[in-house]
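Being a predicted model, the structure only gives us computed values, none of them experimental. Chain A is the first sequence line, chain B the second, and so forth, proteins listed ahead of strands; every chain is numbered from 1.
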Amino acid sequence: MDYIMNVIDILLERGFIEQTTHDEELRRYADKEQITCYIGFDPTASSLHIGSLVPIMSLAHMQRLGHRPIALVGGGTGLVGDPSGKTEMRQLLTSEMVEENEQGIKKQLSRFIDFSDDRALMLNNADWLTKLEYIPFLRDVGRHFSVNRMIKAESYKIRLESDEGLNFIEFNYMLLQAYDFLELYNTHNCRLQMGGSDQWGNIVAGVELIRRMRQETVFGVTFPLITTSGGAKMGKTASGAVWLAEDRTSSYDYYQYWINTDDRDVERFMALFTFLPMEEIRDIGKLDGSDLNSAKIVLAFETTLLAHGKDKAEKAYQKSASHFGARSISRDILPSSRIHTELQTDLQVSVKDDVAVNDDFATVDIVDSYVDEIELKAGIPAFKLFHTVGLTSSSSAARRLIQQGGAYINDERVKSFDQLINDDYLDEEETIVLRAGKKRFHKIKIIK
RNA sequence: GGUGGGGUUCCCGAGUGGUCAAAGGGAACAGACUGUAAAUCUGUCGGCGAAGCCUUCGGAGGUUCAAAUCCUCCCCCCACCA
């Protein structure tokens, strides 16, 4: 094996690749030259979520191996709406929204990709798409597209067969994305486009457009759609998407999302969402229940480290340890992880009922909300407290929760829904810890 | 523009005058079992300090003791025709 693996091989090994347009040629090209490649990001929200992590990581891998990634914000295409894989027409964006979202996206991408000194580029296709003139576009670009072929494309098929139908504006999306590729090829010698598997048709359209107009071979790679073994789409939870932005999904929640990874997914996710070496990741398959949970901690730590930085990752780790009990992580598990050097993971810290709780852990807990001293002294019915604090969506829900035995205060089950909570429940730090079910905690502190 | 079919609680989907806060499934939540996993079983699943009352079946009116269900107008979606 060469001292440096081909980037395509690496992506393949880590599970990033579903299809490529020219397997062999692409590999040879990757060996020979610095590739400029691009991925489009929809500016539909001011933050990316976990669902975009595969493209992000693949760009990061590209850069790490000396290639040049372009993150293309779909400011122009966002005004049109991609029908691929969608069962219904998307809400169209205004230019102001796009602009705002672009800023958020760049900020997040910067954590994974180095944009300094043009080592990577961030472009917005609104810069060229909004300038297009209809007739010249039709004559130069449109004539290379066969409607007969387009309507056979998978990306349109669902919609053509559905009740929803396909709007003309969306039908144009493929041409615009193909044009993007052409533009990036012209201006940046970009020869590789990557994207989700639903982008296959759009990517191929670009590859073909460039061949027709420039007589050049360019490449396309698609990622598999990552689902959890439970069948859920990556990054979707009941409460919505798991965002990369901390103000939408806290680093603790982010960390917890990864901790709750299905056993069957740990190895696969480790390969996709961390940079740990594959030799070590393959060993995860040999782990049993308990050690597998340690591996999940590493996964959560590494992913949170990438998205939010070291401090946040460490805090999330400690907060989790204080809620669920710490566990020592053998250095044999993923030895390259910074968790072994940054944190004291081999320290035998107590599980809840043990005596010696590590001091670090006690101070970490973040207070989630405050309650007025006078109000608390008067006593607050438990169900009301659980509701106002946001652990349940209504006070009826809080009653149900309590009646079903799923509500805890300071680790003790709440017995009746109108149990009065007053200052007797305060601990030395003048806080009360509420818990709903096993995993949802809320710490309140008194305010004088 | 014409004809026909639709719009039901988070999603799918039953319901064509009272027994409907609305079947069934999924999702979700809680309990048991556990490893903060999965699977399984049980319970819950509009709101209200829980008695009863209030709000919900695209929107606005109307008929009726009583409307998701009937009537009128309007809005939106789909199919076929033009």
Side-chain angles (χ1 to χ4, degrees), chain A residues 86-91 158-167 170 227-233 236-242 252-270 284-285 287-301 303-304 316-330 333 349 351-352 361 378-388 390-409 411-421 434-442:
Chain A
K86 308 271 190 321
T87 51
E88 52 191 55
M89 187 165 160
R90 200 168 56 197
Q91 202 190 343
I158 311 166
R159 292 289 294 282
L160 284 169
E161 286 165 5
S162 78
D163 287 350
E164 189 78 14
L166 180 71
N167 196 291
E170 301 172 285
T227 53
T228 66
S229 292
K233 232 182 189 173
K236 293 282 181 198
T237 66
S239 40
V242 180
Y252 173 75
D253 288 340
Y254 190 83
Y255 180 95
Q256 281 292 319
Y257 175 83
W258 294 102
I259 279 283
N260 286 308
T261 298
D262 190 298
D263 280 9
R264 296 165 288 178
D265 294 328
V266 179
E267 187 177 343
R268 191 162 53 104
F269 287 0
M270 199 75 85
I284 289 172
L287 300 177
D288 69 353
S290 168
D291 283 338
L292 194 52
N293 270 3
S294 299
K296 287 181 192 179
I297 291 175
V298 178
L299 175 66
F301 178 79
T303 49
T304 309
Y317 167 80
Q318 290 178 342
K319 187 170 178 181
S320 297
S322 82
H323 281 328
F324 298 103
R327 73 171 49 239
S328 64
I329 302 169
S330 160
I333 297 171
V349 199
V351 187
K352 284 171 192 140
F361 291 174
I380 305 167
F383 75 92
K384 205 163 199 172
L385 191 59
F386 272 81
H387 174 215
T388 43
L391 281 172
T392 59
S393 58
S394 69
S395 58
S396 298
R399 284 161 195 264
R400 280 183 231 120
L401 180 74
I402 293 167
Q403 273 154 10
Q404 290 178 127
Y408 303 80
I409 292 179
D411 252 349
E412 277 198 35
R413 186 169 276 178
V414 180
K415 292 178 193 71
S416 72
F417 70 84
D418 52 1
Q419 184 175 328
L420 275 190
I421 308 307
L434 306 181
R435 173 155 67 91
K438 261 182 292 193
K439 300 181 191 171
R440 284 147 55 223
F441 294 84
H442 189 100

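Taking atom P on both B/rA28 and B/rA39, the two are 10 Å apart, rounded to the nearest angstrom. With C1' as the reference atom, B/rA21 and B/rU44 are 15 Å apart, rounded to whole Å.
A/Ala382 pairs by the side chain to side chain contact (heavy atoms under 4.5 Å, CB included) definition with A/Ile402, A/Val414, A/Gln419, A/Ile421, not counting sequence neighbours. By the salt bridge (charged side-chain N to carboxylate O under 4.0 Å, His left out) test, A/Asp291 pairs with no residue at all, sequence neighbours left out. A/Arg264 pairs by the salt bridge (charged side-chain N to carboxylate O under 4.0 Å, His left out) definition with A/Asp262, not counting sequence neighbours. Checked against ring pair (Phe, Tyr, Trp, His ring centres under 6.0 Å), A/Phe386 has no partners two or more places apart in sequence or in another chain. A search for salt bridge (charged side-chain N to carboxylate O under 4.0 Å, His left out) contacts involving A/Arg400 returns nothing, not counting sequence neighbours. For A/Tyr408, there are no ring pair (Phe, Tyr, Trp, His ring centres under 6.0 Å) partners, not counting sequence neighbours. Legend: residues meeting ring pair (Phe, Tyr, Trp, His ring centres under 6.0 Å) with A/Phe269, ordered by chain and number and at least two apart, are A/Phe273.
Using N1 to N3 plus N6-O4 or O6-N4 for Watson-Crick, or N1-O2 and O6-N3 for G-U wobble, each under 3.5 Å, B/rC10 pairs with B/rG26. Remark: B/rA79 base-pairs with B/rU3. Criterion, Watson-Crick or G-U wobble with two distances under 3.5 Å.
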With 3.5 Å as the limit, what N/O pairs link the protein to nucleotides 38-42 of chain B?
none

Below 3.5 Å between N/O atoms, which protein atoms pair up with nucleotides 50-54 of chain B? Just atom names and distances, please.
| from | atom 1 | to | atom 2 | distance (Å) |
| --- | --- | --- | --- | --- |
| B/rA50 | N6 | A/Ser396 | OG | 2.6 |

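At the heavy-atom level, A/Ile259 lies under 4.0 Å from base atoms of the strands shown. A/Tyr257 comes within contact range of no nucleotide atom at all, as no heavy-atom separation falls under 4.0 Å.
Between B/rA37 and A/Thr261, no contact under 4.0 Å exists linking OP1 or OP2 to a side-chain N or O. Considering only side-chain N and O atoms, A/Tyr252 lies nowhere under 4.0 angstrom from the phosphate OP1 or OP2 of B/rU36.
Counting distance only, with no hydrogens placed and no angle test, the side-chain atoms of A/Gln403 and the base atoms of B/rU44 include no donor-acceptor pair under 3.5 Å.
For the pair A/His387 NE2 and B/rC29 P, the computed distance is 18 Å after rounding to whole Å.
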Going through the distances and angles, do A/Tyr317 and A/Tyr252 end up as a ring pair (Phe, Tyr, Trp, His ring centres under 6.0 Å)? CA-CA 8 Å; A/Tyr317 167 80; A/Tyr252 173 75; over 10 Å; no
